[in-house]
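Order of the sequence lines fixes the chain letters, A, B, ..., with proteins taken first and strands second; residue numbering starts at 1 for each chain. Worth knowing before you read on, the calculation uses all heavy atoms, side chains too, and leaves out hydrogens, waters and symmetry mates.
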Protein chains: 2
Amino acid sequence: MSSPAAGRGPSPEGSAEPLSLSPSSYLVLGLIARHGPMTPYALKIRSGESVGPFWSFPHAQLYSEPDRLARGGLLSEEREPGGRRRRTFHLRPAGRRVLDEWLGDPGTEPAQLRDPALLKLSFADLGDEEGVRRLAERQGEAHRARLADYRRRAEELTDTPEDTARRRVLTIAVCIEEAHLAFWRSLLD
Amino acid sequence: MSSPAAGRGPSPEGSAEPLSLSPSSYLVLGLIARHGPMTPYALKIRSGESVGPFWSFPHAQLYSEPDRLARGGLLSEEREPGGRRRRTFHLRPAGRRVLDEWLGDPGTEPAQLRDPALLKLSFADLGDEEGVRRLAERQGEAHRARLADYRRRAEELTDTPEDTARRRVLTIAVCIEEAHLAFWRSLLD
DNA sequence: GGGTACATGTAATCAGTTACATGATTTA
DNA sequence: TAAATCATGTAACTGATTACATGTACCC
């Protein structure tokens with residue numbers, strides 16, 4: 001790595017106010033805190049590993065979000081002078097503080113169950129039974145495939161703290177997939 | 001897998017322009033198909049009844065979305081000349097066709113499980129066990145409350161076709177809440 | 001007759017997504 | 001060396017959310 005251009009930019013420490021923090025923000029902060037300074041591309045790869053299986057972030061967002069966080073003083077950016085002009089983002093103390101605060105706060109936004117299949121099912125009275133049957137079949141297949149995927153992923157985990165966290169999340173993902181699967185199957189009686 | 005009408009091309013039917021259809025679109029089309037011509041406010045009320053318990057649409061969207069659909073030729077708009085200048089939206093044949101197509105197509109976009117609590121849990125290795133415990137407690141409470149709410153709603157349903165559809169959806173919502181609840185409890189061993 | 005909840009709408013903003021574009025490495 | 005794939009970045013768009021703003025009816 002080239003010599004980090006220490007303290008690049010004006011960085012007026014106290015002028016980072018209006019910055020709303022979304023799940024994407026915490027994903028970025030968390031990944032950098034865990035793995036050290038990263039490029040957006042590395043974020044993309046890592047995000048696939050952790051929450052990836054059931055919550056996908058488009059790659060463009062992993063370029064723009066670090067930008068935002070840097071503007072807000074939570075990250076610092078270091079840029080390769082030549083070649084690909086890669087940008088590497090570092091966690092700043094303010095970023096670590098925000099992350100710790102989030103981790104320590106037991107409150108979260110409620111999970112909304114936004115499943116297009118359920119929306120469709122809720123309008124089943126406008127269609128015919130045959131439509132519901134076909135929907136249930138397809139959903140059964142889809143959830144079965146996901147379930148298999150999650151189980152396979154869970155098997156590959158070690159018992160580092162990191163993988164332990166991942167295992168927990170995969171555990172509930174599996175439980176929820178099982179619930180979906182059982183439901184759609186029950187519609188096919 | 002079923003790609004919605006996002007496909008480009010010289011649309012042989014040649015009616016309206018490219019209009020991307022989101023879940024909000026189908027919610028609006030479906031509610032108007034079921035209950036007849038409606039104002040945005042009525043849409044807001046009805047949306048709370050059907051998918052409302054687990055998928056909330058902000059009211060502003062129920063004003064802008066019918067607009068979009070009307071511009072696309074799927075709805076027609078009728079406006080009160082005086083007073084509140086209420087807008088009432090009617091389903092046009094093209095709208096009914098699009099709705100039927102959607103209902104008949106067993107494919108849907110996959111449901112993503114975007115639960116901020118799980119994101120936080122997936123970063124548990126950056127915090128302490130105490131944080132996880134408190135998170136699990138809170139999530140337990142939250143899911144217990146939701147579960148009770150869903151069950152109460154389910155009890156009030158009749159057996160019209162409409163309510164039958166709603167009952168199915170509430171059934172799976174209950175199952176999923178149970179899965180969440182069991183999971184967070186299991187973390188509190 | 002004044003407060004407050006219901007009803008209706010627009011405007012501004014933002015997050016998330018798609019699309020476009022290109023540089024660098026590997027591989028056939 | 002051509003093609004394919006990985007890696008990197010920006011631009012443009014738009015659906016969704018927040019905030020603003022106002023009208024109407026009801027009830028103490």
Side-chain angles (χ1 to χ4, degrees), chain A residues 1 17-29 37-48 51-52 54-72 74-75 77-89 109-110 112 114 116 119, chain B residues 3-8 17-29 37-49 51-52 55-72 74 77-89 109-110 112 114 116 119:
Chain A
M1 320 258 166
E17 318 323 324
L19 181 73
S20 66
L21 295 169
S22 64
S24 328
S25 314
Y26 293 111
L27 174 69
V28 169
L29 291 173
M38 301 175 84
T39 66
Y41 185 73
L43 286 169
K44 179 191 140 195
I45 300 302
R46 292 286 187 181
S47 83
V51 280
F54 53 89
W55 192 339
S56 76
F57 295 83
H59 92 276
Q61 204 174 337
L62 299 179
Y63 282 84
S64 59
E65 186 61 27
D67 252 0
R68 251 171 48 84
L69 296 176
R71 279 200 302 276
L74 306 189
L75 298 179
E77 177 183 349
E78 173 201 346
R79 190 157 197 158
E80 255 184 14
R84 299 191 182 189
R85 315 204 64 237
R86 278 196 206 90
R87 295 180 294 160
T88 301
F89 292 89
E109 294 298 305
Q112 287 200 31
R114 301 191 172 189
L119 182 65
Chain B
S3 49
R8 326 184 14 141
E17 334 67 45
L19 179 74
S20 69
L21 296 168
S22 64
S24 328
S25 314
Y26 294 111
L27 174 70
V28 169
L29 291 173
M38 302 173 87
T39 67
Y41 185 74
L43 285 169
K44 179 191 139 195
I45 300 302
R46 292 288 187 179
S47 81
E49 285 174 10
V51 281
W55 191 339
S56 77
F57 296 83
H59 91 277
Q61 203 175 336
L62 299 179
Y63 282 84
S64 60
E65 186 62 26
D67 252 0
R68 251 171 47 83
L69 296 176
R71 279 200 303 278
L74 305 190
E77 177 184 350
E78 171 200 349
R79 190 156 196 158
E80 254 184 16
R84 299 194 182 186
R85 315 206 61 237
R86 278 196 206 91
R87 296 181 293 160
T88 301
F89 292 90
E109 294 298 306
Q112 287 201 32
R114 302 191 172 189
L119 182 64

Enquirer: Taking only residues two or more places apart in sequence, or in another chain, which ones meet A/P37 in a side-chain contact (heavy atoms from CB on, under 4.5 Å)?
Expert: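 For A/P37, the residues satisfying side-chain contact (heavy atoms from CB on, under 4.5 Å) (neighbours in sequence not counted) are A/T88, A/H90.
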
Enquirer: Whole Å only: how far is the CD1 atom of A/I45 from the C1' atom of D/dT5?
Expert: 13 Å

Enquirer: Under 4.0 Å between a side-chain N/O of B/S22 and OP1 or OP2 of D/dA16, yes or no?
Expert: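 So the side-chain polar atoms of B/S22 do come within 4.0 Å of the phosphate oxygens OP1 or OP2 of D/dA16, strictly under.
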
Enquirer: Which whole-number value in Å describes the distance from B/W55 CH2 to D/dG15 C1'?
Expert: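 The distance from CH2 of B/W55 to C1' of D/dG15 comes to 13 Å, rounded to the nearest Å.
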
Enquirer: Report yes if at least one side-chain N or O of B/R87 is closer than 4.0 Å to OP1 or OP2 of C/dA7; otherwise report no.
Expert: no

Enquirer: Tell me, please, which residues at least two apart from B/R68 pass salt bridge (charged side-chain N to carboxylate O under 4.0 Å, His left out).
Expert: B/E65

Enquirer: Relative to each other, are the rings of A/F57 and A/W55 parallel, tilted or perpendicular (30° and 60° limits)?
Expert: parallel

Enquirer: Could you walk me through whether B/R87 and B/Y63 pass the side-chain contact (heavy atoms from CB on, under 4.5 Å) check?
Expert: CA-CA 9 Å; B/R87 296 181 293 160; B/Y63 282 84; 3.5 Å; yes

Enquirer: Taking only residues two or more places apart in sequence, or in another chain, which ones meet A/S47 in a side-chain contact (heavy atoms from CB on, under 4.5 Å)?
Expert: A/L27, A/L31, A/L62

Enquirer: Would you say A/S24 reaches C/dG16's phosphate, i.e. side-chain N/O to OP1/OP2 under 4.0 Å?
Expert: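 Yes.
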
Enquirer: Respond yes when some side-chain nitrogen or oxygen of B/T39 is under 4.0 Å from OP1 or OP2 of C/dA7, and no when none is.
Expert: no

Enquirer: Can you name the salt bridge (charged side-chain N to carboxylate O under 4.0 Å, His left out) partners of B/E78, sequence neighbours left out?
Expert: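 Applying salt bridge (charged side-chain N to carboxylate O under 4.0 Å, His left out) to B/E78 gives none.
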
Enquirer: Tell me the interatomic distance from A/Y63, atom OH, to C/dG16, atom C1', rounded to whole angstroms.
Expert: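 Value for this atom pair: 16 Å.
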
Enquirer: From CD of A/E109 over to C1' of D/dT18, roughly how many Å is that when rounded to an integer?
Expert: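 Rounded to whole Å, this separation is 14 Å.
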
Enquirer: With nearest nucleotide decided by heavy atoms, which residue, A/E65 or B/Y41, maps closer to the 5′ end of DNA chain C?
Expert: B/Y41

Enquirer: Could you tell me which residues satisfy salt bridge (charged side-chain N to carboxylate O under 4.0 Å, His left out) with B/R114, sequence neighbours excluded, listed by chain and number?
Expert: none

Enquirer: Could you go over nucleotides 17-19 of chain C and give all protein N or O partners under 3.5 Å, atom names and distances?
Expert:
from   : atom 1 : to     : atom 2 : distance (Å)
C/dT17 : OP1    : B/R114 : NH2    : 3.3

Enquirer: Whole angstrom is fine here: how far is it from CG in B/L69 over to C1' in D/dA16?
Expert: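 It works out to 15 Å between those atoms.
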
Enquirer: Of the nucleotides D/dA16, C/dT10, D/dG9, which has the atom closest to the A/P40 side chain?
Expert: D/dG9

Enquirer: Rounded to the Å, how far apart are A/L62 CG and C/dG16 P?
Expert: 11 Å

Enquirer: May I ask you to verify if any side-chain N or O of A/R86 is less than 4.0 angstrom from the OP1 or OP2 atom of C/dA24?
Expert: no

Enquirer: Could you state the atom-to-atom distance from CZ of B/R71 to C1' of D/dT14 in whole Å?
Expert: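 Rounded to the whole Å, the gap is 11 Å.
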
Enquirer: Starting at atom CG of A/D67, determine the distance to atom P of D/dG9, rounded to an integer number of angstrom.
Expert: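 Checked: the CG to P distance equals 10 Å.
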
